[in-house]
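In what follows, a single structure is set out as structure tokens and then discussed.
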2 protein chains.
Amino acid sequence: MERLILSLRQRTAVAYIHEYTLKMGNQKLYKGSLQTIILKLLVSNDKMYGYEITQKVKELTKGELQITEGALYPALHKLEADGLLEVEVAKVGNRLRKYYKLTESGAKETASKLAEMHEFLRTMQQLVNPKFSLE
Amino acid sequence: MERLILSLRQRTAVAYIHEYTLKMGNQKLYKGSLQTIILKLLVSNDKMYGYEITQKVKELTKGELQITEGALYPALHKLEADGLLEVEVAKVGNRLRKYYKLTESGAKETASKLAEMHEFLRTMQQLVNPKFSLE
DNA sequence: AACTATACATAAGATTCATATGCATCATAA
DNA sequence: TTATGATGCATATGAATCTTATGTATAGTT
């Protein structure tokens, strides 16, 4: 993130300019699957914090899916509010981290959401599969 | 669709009540894929009209995906406005049908969208695949 | 001193779809 | 013959979900 320093009399205003990586054309296809992705990661990794999730997803998808913070944090807050995740705040150095983990009800919901996801993938696979071009 | 007849002096007001089939829990996962589905069907079927598309999708997905009219018609209009589809109006009996078919540019765009879809499915498959639970 | 990465957060707007409604024709069942 | 369901088009309103943009702060690297 770039930083611009603007002198204003005795005061100093600091404007932060975030940089964004280019998005793939198919980013919009991921709409609706964010919750499931987060939950699935927490099945595999027990506990994770927000920034870690974005990095893990980027790594696992070889950069194809970039979870934006504006999507991630509200999603985490909602999952927590719905009782699917619980938070544990940790201080690392002088920095804050919020670790999320599945609750019992969250684990159940994850199984359900993963089943739906598999069904969706199977169905969509068939719809766009060239083998079905005869239909 | 049920019909209610209401007598109003000499005039007759008719109210139509549409009935809706129950949606699957994973309907929201399809968000973002409607255009691709329509285009793909038009590769396989040359020309189709709106209602036919909804029925075909219902059939192909064994009822799992129900394209609503509120989603379909605006989508068709947009694809037409973008020059990907062209319309041919037909009269069947006393009834109107609007047949849609791919334009040249629409065929190209379809190939591109299908490639994105396959990439998406592959990536998502890996993300939620149990084999990756060790990550 | 500046820049990059790490780490949280929210507000405003865009996109995409579901819901609800409206209108009309045609076939079939009551 | 009348009611109903299926066929066929359409749009408006709102909900959900994300992108974009911004704000703040610490820590390491150039």
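The basis for the numbers below is simple: all heavy atoms, side chains too, and nothing from hydrogens, waters or symmetry mates.
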Contact class for B:T54 (heavy atom, under 4.0 Å): base, sugar-phosphate, or nothing?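 The answer is nothing, as B:T54 stays clear of every strand by at least 4.0 Å.
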Under 4.0 Å between any heavy atoms, over every strand shown, what does A:R97 touch: base, sugar-phosphate, or nothing? Just pick one.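 Since only primed, P, OP1 and OP2 atoms lie under 4.0 Å of A:R97, the category is sugar-phosphate.
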Under 4.0 Å, heavy atom to any atom of DNA chain D: which of residues 70-83 of chain A qualify?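 Close to the strand are A:G70, A:A71.
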Spacing of [X] atom [atom1] relative to [N] atom [atom2], expressed in whole Å:
X     : N      : atom1 : atom2 : result
A:E52 : C:dA5  : CD    : P     : 18 Å
A:K91 : C:dC8  : NZ    : P     : 15 Å
B:Q66 : C:dT19 : CD    : C1'   : 14 Å
A:I17 : C:dA5  : CD1   : C1'   : 17 Å
A:L65 : D:dT17 : CG    : P     : 16 Å
A:N26 : D:dT19 : CG    : P     : 12 Å
B:K31 : C:dT19 : NZ    : P     : 10 Å
A:H18 : D:dA25 : NE2   : P     : 13 Å

Spacing of CD belonging to A:Q66 relative to OG1 belonging to A:T61, to within rounding of 0.5 Å: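 Separation between the atoms: 7.0 Å.
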Does any N or O donor sit under 3.5 Å from an N or O acceptor when you compare the side chain of A:Q27 with the base of D:dC18?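 Side chain to base: no pair below 3.5 Å.
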For the side chain of [X], counting heavy atoms from C-beta on, which of [options] is nearest?
X     : options               : value
B:N94 : C:dC26, C:dA18, C:dA9 : C:dC26
A:Y49 : D:dA27, C:dC17, C:dA7 : C:dA7
B:E69 : D:dG8, C:dT25, C:dT16 : D:dG8
B:T68 : D:dA6, D:dG5, C:dT19  : C:dT19

Sorted by first residue and then second, give each ring-ring contact (aromatic ring centres under 6.0 Å, His included) pair with at least one member in residues 67-107 of chain B; sequence neighbours left out.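 Non-adjacent pairs meeting ring-ring contact (aromatic ring centres under 6.0 Å, His included): B:Y49-B:Y99.
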Sequence neighbours left out, what pairs pass ring-ring contact (aromatic ring centres under 6.0 Å, His included) with at least one residue falling in residues 51-70 of chain A?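 Those involving residues 51-70 of chain A do not exist here.
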Please tell me if A:K98 has a side-chain N or O lying less than 4.0 Å from either OP1 or OP2 of C:dA7.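 Checking C:dA7 against A:K98, no side-chain N or O comes under 4.0 Å of OP1 or OP2.
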Does a side-chain N or O from B:K28 land closer than 4.0 Å to OP1 or OP2 of D:dT17, or not?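 So the side chain of B:K28 is within the cut-off, an N or O lying under 4.0 Å from OP1 or OP2 of D:dT17.
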Return the 5'-most residue of the pair A:G93, B:V92 with respect to DNA chain D, ranking by each residue's nearest nucleotide.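 By nearest-heavy-atom nucleotide position, the 5'-most residue is B:V92.
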Single hit among B:L84, B:L39, B:T36 for side-chain contact (heavy atoms from CB on, under 4.5 Å) with B:T110: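 Exactly one candidate clears the test, B:L39.
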Minimal non-hydrogen separation, B:K101 against B:D46, with atom names: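 The pair with the smallest heavy-atom distance is CB-O, 3.3 Å.
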Does B:K113 come within less than 4.0 Å of B:E109, counting only side-chain N to carboxylate O?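 So B:K113 pairs with B:E109 through a salt bridge.
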Main-chain N/O of B:G106 paired to B:T103 side chain as donor or acceptor, under 3.5 Å: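 Such a contact is found between B:T103 side chain and B:G106 backbone.
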Derivation of the side-chain hydrogen bond (donor to acceptor under 3.5 Å, both in side chains) call for A:T123 and B:E64: CA-CA 8 Å; A:T123 299; B:E64 186 179 291; 3.2 Å; yes
